[in-house]
**Student:** 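One structure coming up, written as C-alpha cells, with questions to follow.
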Amino acid sequence: RSFPSHDKTRETLYGNFSEEEKKWLTQMSWQKNSNINKNLFELAHTVEEIYLTGGEPTLIKEQDLLLDYCIEHDLAKNIQLKYNTNLTHVPDALINKWTKFKKVLLNCSIDAYGDLNTYIRFPIKWNKIERNFEKIKKIENVKIDISITVQNYNILHLSNLLDWLLLVKQEDTMIFFNILEEPKNLNIKCLPLELKKLSIERLKNYTHIPRLNNMLDYMMLELIVTGK
C-alpha cells in the first residue's frame, strides 16, 4: 500500500485555506485567527468529528465559538468531539456544551497513581484528576479511554494505577500503553534485568488487559533477540 507524501497530505488538509491561514494552522494558533474560525464554521456543516489536541485543548477558550456555532445551528447532534486531555481542566461550562453533541471521546493521559503522577506530570495534582474523572464518567455521551506513557519512572508501579483504573473506569474504557522512546535512559529496555523481571512479576495479574503483554515483550525484546 502506498501513502501520500507529507506535501500531498498538507495540500489535502490545508487546500481550502490561504497561505496566511496555513501558517496559523501549522503554528497551532488557529484559534486566534478570525478567518480560520469562519472557515471552520463553514466546514462544521459537513464534518462528523472534530478532534481537538494540544497542549491541553480544554484550556483553549476560543473553542467555545466553534462549539456554540455547532449547537446554535443544530449541528452538534450529528458531530462527535474528540480530545486528548490530561484531565486537569474540565470546566462545567464545557461539560454543558459536550452534552449537546452526539458523542465525546476523551483520550486521557495518566501515567501513574497518586503522587507519582504528580512527579512525572508536575504540577498536576492527583486529587484534581480523581475529581474530574468521577465528574465526566457520569456523562452519558462521554467515553473515556486511558493512555499511559510507560517509562522507567512508572513501570514498577503500574499495578497501582491499573488497580485504580479497573475500579473506576467505564465498562468500555480502553487502556493504551505508549512507550517513551526518548530520552533513552528512561526507556524501559534500559532497565537492569532484575528490575525487568520484577516489573513482570508485579504485572502478572493484569495480563488480561489488552496490549499489556505487548508492552512487556517490548521491554524484553533485546534479551529475546540476543538470547540472553
Side-chain angles (χ1 to χ4, degrees), residues 47-60 63-64 66-67 70-71 75-121 124-151 153-180 199 202-216 218:
V47 300
E48 296 179 357
E49 179 178 278
I50 298 174
Y51 185 10
L52 297 105
T53 185
E56 177 52 43
T58 58
L59 291 172
I60 301 174
Q63 72 177 292
D64 289 349
L66 179 57
L67 300 187
C70 293
I71 294 169
L75 305 173
K77 64 183 181 182
N78 298 316
I79 296 176
Q80 175 173 279
L81 299 178
K82 185 177 180 180
Y83 289 78
N84 289 348
T85 176
N86 58 26
L87 280 184
T88 56
H89 185 74
V90 190
D92 290 339
L94 181 58
I95 290 177
N96 183 56
K97 298 180 195 299
W98 286 351
T99 61
K100 308 295 193 302
F101 283 79
K102 180 180 179 180
K103 194 166 188 177
V104 180
L105 304 179
L106 300 180
N107 185 23
C108 303
S109 298
I110 305 176
D111 292 344
Y113 179 82
D115 290 342
L116 182 56
N117 192 70
T118 300
Y119 179 82
I120 294 172
R121 291 181 164 268
I124 291 174
K125 300 299 183 183
W126 180 252
N127 60 352
K128 181 177 287 188
I129 301 297
E130 285 189 307
R131 184 167 62 249
N132 287 336
F133 195 99
E134 287 299 320
K135 180 164 63 173
I136 62 176
K137 81 173 189 178
K138 298 174 182 177
I139 306 170
E140 186 175 348
N141 68 327
V142 171
K143 180 182 184 295
I144 302 172
D145 289 331
I146 304 296
S147 288
I148 305 170
T149 299
V150 182
Q151 55 168 296
Y153 285 151
N154 63 3
I155 182 67
L156 288 165
H157 306 281
L158 279 184
S159 59
N160 296 331
L161 175 59
L162 294 175
D163 282 341
W164 177 74
L165 287 174
L166 293 174
L167 182 65
V168 303
K169 73 180 185 67
Q170 296 171 322
E171 185 176 349
D172 58 350
T173 291
M174 298 180 67
I175 300 174
F176 298 94
F177 301 92
N178 303 317
I179 303 296
L180 180 68
S199 299
R202 290 184 175 181
L203 292 169
K204 66 181 182 181
N205 294 326
Y206 306 90
T207 54
H208 63 283
I209 299 176
R211 294 167 290 276
L212 187 139
N213 280 324
N214 292 340
M215 179 267 292
L216 295 177
Y218 168 87

**Student:** Closest approach of Leu87 and Glu56, non-hydrogen atoms and distance?
**Tutor:**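 Where Leu87 meets Glu56 most closely, the heavy atoms are N-OE1, 4.5 Å.
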**Student:** Just grab all the side chain to side chain donor-acceptor pair (under 3.5 Å) pairs involving residues 110-121, residues at least two apart or on different chains.
**Tutor:** Asp111-Arg121
**Student:** Could you walk me through whether Leu158 and Arg202 satisfy the side-chain contact (heavy atoms from CB on, under 4.5 Å) test, starting with their C-alpha distance in whole Å, then the side-chain angles of each, then the deciding distance to 0.1 Å, before giving a yes or no?
**Tutor:** CA-CA 8 Å; Leu158 279 184; Arg202 290 184 175 181; over 6 Å; no
**Student:** Is Leu166 close to Tyr206 at the side-chain level, that is, under 4.5 Å between some pair of heavy atoms?
**Tutor:** yes
**Student:** Taking everything shown except Glu134 itself, do over 12 heavy atoms lie less than 6.0 Å from its CD?
**Tutor:**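 Enclosed.
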**Student:** Any side-chain heavy atom of Thr149 sitting closer than 4.5 Å to one from Ile120?
**Tutor:** no
**Student:** State the OG1-NE2 distance between Thr58 and His89, to the nearest 0.5 angstrom.
**Tutor:**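 Taking OG1 in Thr58 and NE2 in His89, the distance rounds to 5.0 Å.
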**Student:** Could you check whether any side-chain N or O of Asn160 sits under 3.5 Å from a backbone N or O of Ala112, counting only pairs where one atom can act as donor and the other as acceptor?
**Tutor:**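 Side chain of Asn160 to backbone of Ala112: no pair is present.
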**Student:** Rounded to the nearest 0.5 Å, what's the gap from OG on Ser147 to CG on Asn84? Could you check?
**Tutor:** 7.0 Å
**Student:** For Lys128, does the NZ atom sit with more than 12 other heavy atoms under 6.0 Å from it, leaving out its own atoms?
**Tutor:** no
**Student:** Quick one: pull up CG in Leu81 and CG in Leu106 and give me the separation to the nearest 0.5 Å.
**Tutor:** 9.0 Å
**Student:** In a table with atom names and distances, give each donor-acceptor pair under 3.5 Å that connects a side chain of residues 171-179 to protein atoms at least two apart or in another chain.
**Tutor:**
from	atom 1	to	atom 2	distance (Å)
Thr173	OG1	Ile144	O	2.8
Thr173	OG1	Gln170	N	3.1
Thr173	OG1	Gln170	O	3.4

**Student:** In Å and rounded to the nearest 0.5 Å, what is the CG to CG distance from Leu161 to Leu116?
**Tutor:** 9.0 Å
**Student:** In Å and rounded to the nearest 0.5 Å, what is the CH2 to CD1 distance from Trp98 to Ile136?
**Tutor:** 6.0 Å
**Student:** Is there a donor-acceptor pair under 3.5 Å between the side chain of Thr88 and the backbone N or O of Ile124?
**Tutor:** no
**Student:** Would you confirm whether Gln80, through its side chain, and Leu105, through its main-chain N or O, come within 3.5 Å as a donor-acceptor pair?
**Tutor:**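 Such a contact is absent between Gln80 side chain and Leu105 backbone.
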**Student:** For Asn213 and Thr207: C-alpha separation, side-chain torsions, deciding distance, then whether side chain to side chain donor-acceptor pair (under 3.5 Å) applies.
**Tutor:** CA-CA 6 Å; Asn213 280 324; Thr207 54; 4.8 Å; no
**Student:** Can Leu203 and Met215 be said to form a side-chain contact (heavy atoms from CB on, under 4.5 Å), step by step?
**Tutor:** CA-CA 11 Å; Leu203 292 169; Met215 179 267 292; 4.2 Å; yes
**Student:** Sequence neighbours left out, what pairs pass salt bridge (charged side-chain N to carboxylate O under 4.0 Å, His left out) with at least one residue falling in residues 76-95?
**Tutor:** Asp74-Lys77, Asp92-Lys135
**Student:** To the nearest 0.5 Å, how far apart are OG1 in Thr85 and CG in Leu59?
**Tutor:** 8.5 Å
**Student:** Looking only at atom types and distance, does a side-chain atom of Lys100 sit under 3.5 Å from a main-chain N or O of Asn96, one as donor and one as acceptor?
**Tutor:**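 Yes: the side chain of Lys100 pairs with the backbone of Asn96.
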**Student:** Counting C-beta onward and ignoring hydrogens, is there a side-chain heavy-atom pair between Tyr83 and Val142 closer than 4.5 Å?
**Tutor:**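 No. Closest side-chain heavy atoms not under 4.5 Å.
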**Student:** I want to check something: taking the side chain as every heavy atom from C-beta on, are Lys169 and Ile146 in contact at a cut-off of under 4.5 Å?
**Tutor:**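 Result no, sub-4.5 Å side-chain heavy-atom pair not found.
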**Student:** Apply the test side-chain contact (heavy atoms from CB on, under 4.5 Å) to residues Leu94 and Gln63: give CA-CA distance (whole Å), side-chain angles for both, the deciding distance (0.1 Å), then the verdict.
**Tutor:** CA-CA 10 Å; Leu94 181 58; Gln63 72 177 292; 3.9 Å; yes
